Protein chains: 2
Amino acid sequence: MVTIADVARHAGVATSTVSYVLSGKRTISPDTRDRVQRSVRALGYRPNASARALASQRSNVLALVIPLRTGMHVPVMMQFATAVVTTARRFDHDVLLLTADEGPEGLRRVAQSSLVDAFVVMDVELNDERVPVLRDLPLPSVLIGYPAEAAGLTCIDLDFVAAGALCVDHLADLGHDSLALLGTPSAVYERQTGFAQRTLTGFTEAAARRGVLGVETPCEHTFDAVLQTVQQLLHDHPGITGLVVQNEPIIGPLLDVLRRLGRRVPEDMSVLAISADDVAERQVPQLSSVTIPAEEIGEQAVLSLIAKLEGSPVPELTLVPPTLTPRASSTAHNPQPTNHPKPVRGD
Amino acid sequence: MVTIADVARHAGVATSTVSYVLSGKRTISPDTRDRVQRSVRALGYRPNASARALASQRSNVLALVIPLRTGMHVPVMMQFATAVVTTARRFDHDVLLLTADEGPEGLRRVAQSSLVDAFVVMDVELNDERVPVLRDLPLPSVLIGYPAEAAGLTCIDLDFVAAGALCVDHLADLGHDSLALLGTPSAVYERQTGFAQRTLTGFTEAAARRGVLGVETPCEHTFDAVLQTVQQLLHDHPGITGLVVQNEPIIGPLLDVLRRLGRRVPEDMSVLAISADDVAERQVPQLSSVTIPAEEIGEQAVLSLIAKLEGSPVPELTLVPPTLTPRASSTAHNPQPTNHPKPVRGD
DNA sequence: ATGAAAGCGCTAACAC
DNA sequence: GTGTTAGCGCTTTCAT
């Protein structure tokens with residue numbers, strides 16, 4: 001292993017000079033800098049991470065805490081994790097992977113052993129045990145999702161309220177006046193992950209604001225559950241022509257069920273998914289969807305964390321606005337079947 | 001921060017004694033041990049990871065290299081990653097997450113900076129740039145999947161050849177004599193990830209051995225591609241009654257297509273998936289499937305790595321045998337429609 | 001603009 | 001069975 005002393009000797013300078021050339025923390029004459037950099041390359045020098053961390057009190061490692069067993073959809077998590085790693089690397093940091101099953105104790109462990117400098121915690125629940133721990137630890141953290149008591153913490157999330165409202169507005173704009181939200185299994189609501197409820201809030205408020213019917217029902221992941229839920233829904237509210245799904249696994253089954261019930265998409269029923277793009281695009285017909293911008297959230301999380309590590313202030317709550325991509329599954333309600341060109345409205 | 005010196009002082013012993021109590025690397029009198037352990041708890045001592053790594057030349061961190069952009073199915077990767085972390089923790093190791101986009105250079109970086117002690121590399125391709133690097137680095141590694149030139153490396157993978165054969169045997173046992181394998185997109189074959197080809201090998205060999213027809217066709221992820229591929233297939237080989245799918249995203253579309261073409265599953269067509277269990281179970285009808293035992297592979301990878309770190313020999317290649325779970329989608333070919341109880345065969 | 005040297009907190013000889 | 005101490009490789013004062 002080649003050490004900083006080897007480089008210093010090779011370049012004919014002190015080790016501190018090598019260190020300063022590498023860190024840029026003090027001005028070095030161009031000549032010296034060159035010589036050192038040449039030596040670094042010549043010897044293939046790489047600073048020892050442990051030694052550096054020990055001396056500088058900074059490991060340059062971020063902890064990423066991912067949920068272990070969860071109803072959340074996996075591809076999004078993966079995108080997110082990837083974005084975190086990629087962004088961390090841009091700032092010369094690495095990422096330590098922790099699973100949620102270590103719980104609060106796991107956070108303490110890696111923090112107190114100085115393994116990591118900061119935390120990105122995914123899938124934070126409304127009353128999350130880890131929140132008080134994070135507040136206590138002297139390390140900065142960013143939460144994805146947000147807990148009941150978020151004061152003093154940095155949280156980033158999709159603006160699910162806006163997502164719910166966006167769906168209603170899209171469908172209402174298309175002329176639909178009876179909408180339903182097919183949500184996550186009731187267990188997810190009970191787990192109080194927050195996001196499910198916030199979507200519902202946005203959905204309900206927007207429905208009221210637009211003066212349209214907006215009913216909601218949770219739905220389990222089995223085909224039978226979907227069938228039953230939809231039948232019940234259409235029985236109770238036969239006028240429904242717009243469906244919003246926030247429950248990735250049931251998207252396929254839902255389309256099956258509608259087919260089986262003789263409801264064509266989008267002619268008889270407009271369908272809107274809150275889901276990853278690839279899932280929406282894979283369906284027949286392709287689904288209009290509101291995307292969870294996992295990459296953006298992951299990147300933003302790391303940016304915030306780096307800022308905090310540098311002592312810069314960051315907002316307590318960052319809500320990432322949702323985007324709606326219209327595809328084949330949503331269309332105007334009661335369209336006039338006509339071949340005539342639309343009359344141009346004068347002004 | 002509480003250090004080993006604090007603990008030593010509190011317990012009235014030397015720092016080395018504290019160290020040895022913690023590591024168990026030399027015998028300590030029960031009395032001393034007790035005193036030290038009490039002090040550790042009393043002070044809430046946690047060894048500093050960097051200092052320990054610097055002194056011991058061991059970071060107790062494993063690198064997990066995950067594919068960034070890939071056609072592989074994500075849930076399985078996630079299961080795998082989870083198993084790696086969980087198992088690593090059992091042996092007091094942590095996991096550093098690397099994405100494949102750092103390439104061979106990323107491996108060198110973390111190895112030469114002593115950030116990690118060993119590598120788990122997922123999604124290894126037949127001619128993987130990282131393989132020569134791994135061979136050069138002085139750190140042990142385990143590859144998931146295996147490259148063309150695997151000598152001297154430790155590889156773990158599902159026995160895809162056996163998986164392909166298992167599918168044929170299952171269907172042949174049920175009386176089917178014309179089978180097709182619906183594979184991954186041709187790009188995956190060209191990327192030479194290996195697993196697609198090995199499944200095909202097992203499939204083809206087993207078909208020959210069983211004297212049944214076994215044709216294969218790649219398939220892209222779009223609905224149209226599935227439709228066309230299946231139509232072509234059934235046109236070319238109208239007698240096919242058994243379908244094996246190794247291509248998770250098209251499973252849903254495939255079932256749609258079969259429905260649309262009027263082929264009932266399993267009455268007219270038995271379908272077998274090589275995929276994660278939850279995907280198979282979510283379909284209608286639930287699919288018989290050969291599972292990729294991600295947890296088992298992930299655990300095995302870490303076990304091998306720990307063994308190597310301890311200097312124990314490990315096999316160069318571990319093939320994890322596939323398991324087939326029969327579900328509703330595969331059934332006997334040309335069953336006698338009868339209500340009579342089956343005659344019991346005497347012996 | 002550069003060098004010398006004191007740690008960072010721990011492990012592992014080496015002593016006894 | 002336990003203590004003493006010399007590093008591990010780097011950063012960062014403190015000097016000059």
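Just so you know, these numbers come straight off a predicted model, no measurement behind them. Below, chain A is the first sequence line, B the second, and so on; all start at residue 1.
Between A:Lys25 and D:dT11 there is no side-chain polar atom (N or O) within less than 4.0 angstrom of OP1 or OP2. The side chain of A:Thr17 contributes an N or O atom lying less than 4.0 Å from OP1 or OP2 of C:dG3.
For A:Leu96, the side chain to side chain contact (heavy atoms under 4.5 Å, CB included) partners are A:Val61, A:Leu98, A:Val110, A:Leu115, A:Val116, B:Val61, B:Asp94, B:Leu96, not counting sequence neighbours. A search for salt bridge (charged side-chain N to carboxylate O under 4.0 Å, His left out) contacts involving A:Arg52 returns nothing, not counting sequence neighbours.
Counting only distance, with no hydrogens or angles, the side chain of B:Asn60 and the backbone of B:His93 share no donor-acceptor pair below 3.5 Å.
With respect to B:Arg198 and B:Asp157, a salt bridge is recorded, a charged nitrogen being found less than 4.0 Å from a carboxylate O. Of the charged side-chain nitrogens involved, at least one lies within less than 4.0 Å of a carboxylate oxygen, so that B:Arg46 and A:Glu105 count as a salt-bridged pair. Between B:Arg130 and B:Glu125, none of the side-chain N atoms (NZ, or NE/NH1/NH2) sits under 4.0 Å from a carboxylate O, so this pair counts as no salt bridge.
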What do the steps show when you test B:Phe119 against B:Leu62 for side-chain contact (heavy atoms from CB on, under 4.5 Å), and what is the final call? CA-CA 6 Å; B:Phe119 291 97; B:Leu62 312 179; over 6 Å; no

Does the side-chain contact (heavy atoms from CB on, under 4.5 Å) test come out yes or no for A:Val124 and A:Ile144, once each step is laid out? CA-CA 6 Å; A:Val124 173; A:Ile144 311 305; 5.8 Å; no

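Pairs of residues two or more places apart, or lying in two chains, that qualify as salt bridge (charged side-chain N to carboxylate O under 4.0 Å, His left out) and include a residue from residues 8-22 of chain A are A:Asp6-A:Arg9.
Listed in residue order, the members of residues 33-44 of chain A having a heavy atom less than 4.0 Å from DNA chain D come to none.
Side-chain atoms of A:Ser29 and A:Asp31 form no donor-acceptor pair, as typed in the model, at a separation below 3.5 Å.
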All N/O contacts under 3.5 Å from nucleotides 7-10 of chain D to the protein, with atom names and distances to one decimal?
{"residue": "D:dC8", "atom": "O2", "partner": "B:Ala55", "partner atom": "N", "Å": "3.4"}
{"residue": "D:dG9", "atom": "N2", "partner": "A:Ala51", "partner atom": "O", "Å": "3.4"}
{"residue": "D:dC10", "atom": "OP1", "partner": "A:Tyr45", "partner atom": "OH", "Å": "2.5"}
{"residue": "D:dC10", "atom": "OP1", "partner": "A:Asn48", "partner atom": "N", "Å": "3.0"}
{"residue": "D:dC10", "atom": "OP2", "partner": "A:Ile4", "partner atom": "N", "Å": "2.4"}
{"residue": "D:dC10", "atom": "O5'", "partner": "A:Tyr45", "partner atom": "OH", "Å": "3.4"}

Name the pairs: protein N/O against N/O of nucleotides 13-16 of chain C, kept only if under 3.5 Å.
{"residue": "C:dA13", "atom": "N7", "partner": "B:Tyr20", "partner atom": "OH", "Å": "3.4"}
{"residue": "C:dC14", "atom": "N4", "partner": "B:Arg26", "partner atom": "NH1", "Å": "3.4"}

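Distance CG (A:Leu22) to P (D:dT11): 7 Å, rounded to an integer number of Å. Counting to the nearest Å, the C1' atom of C:dC8 and the CG atom of A:Leu115 are 16 Å from each other.
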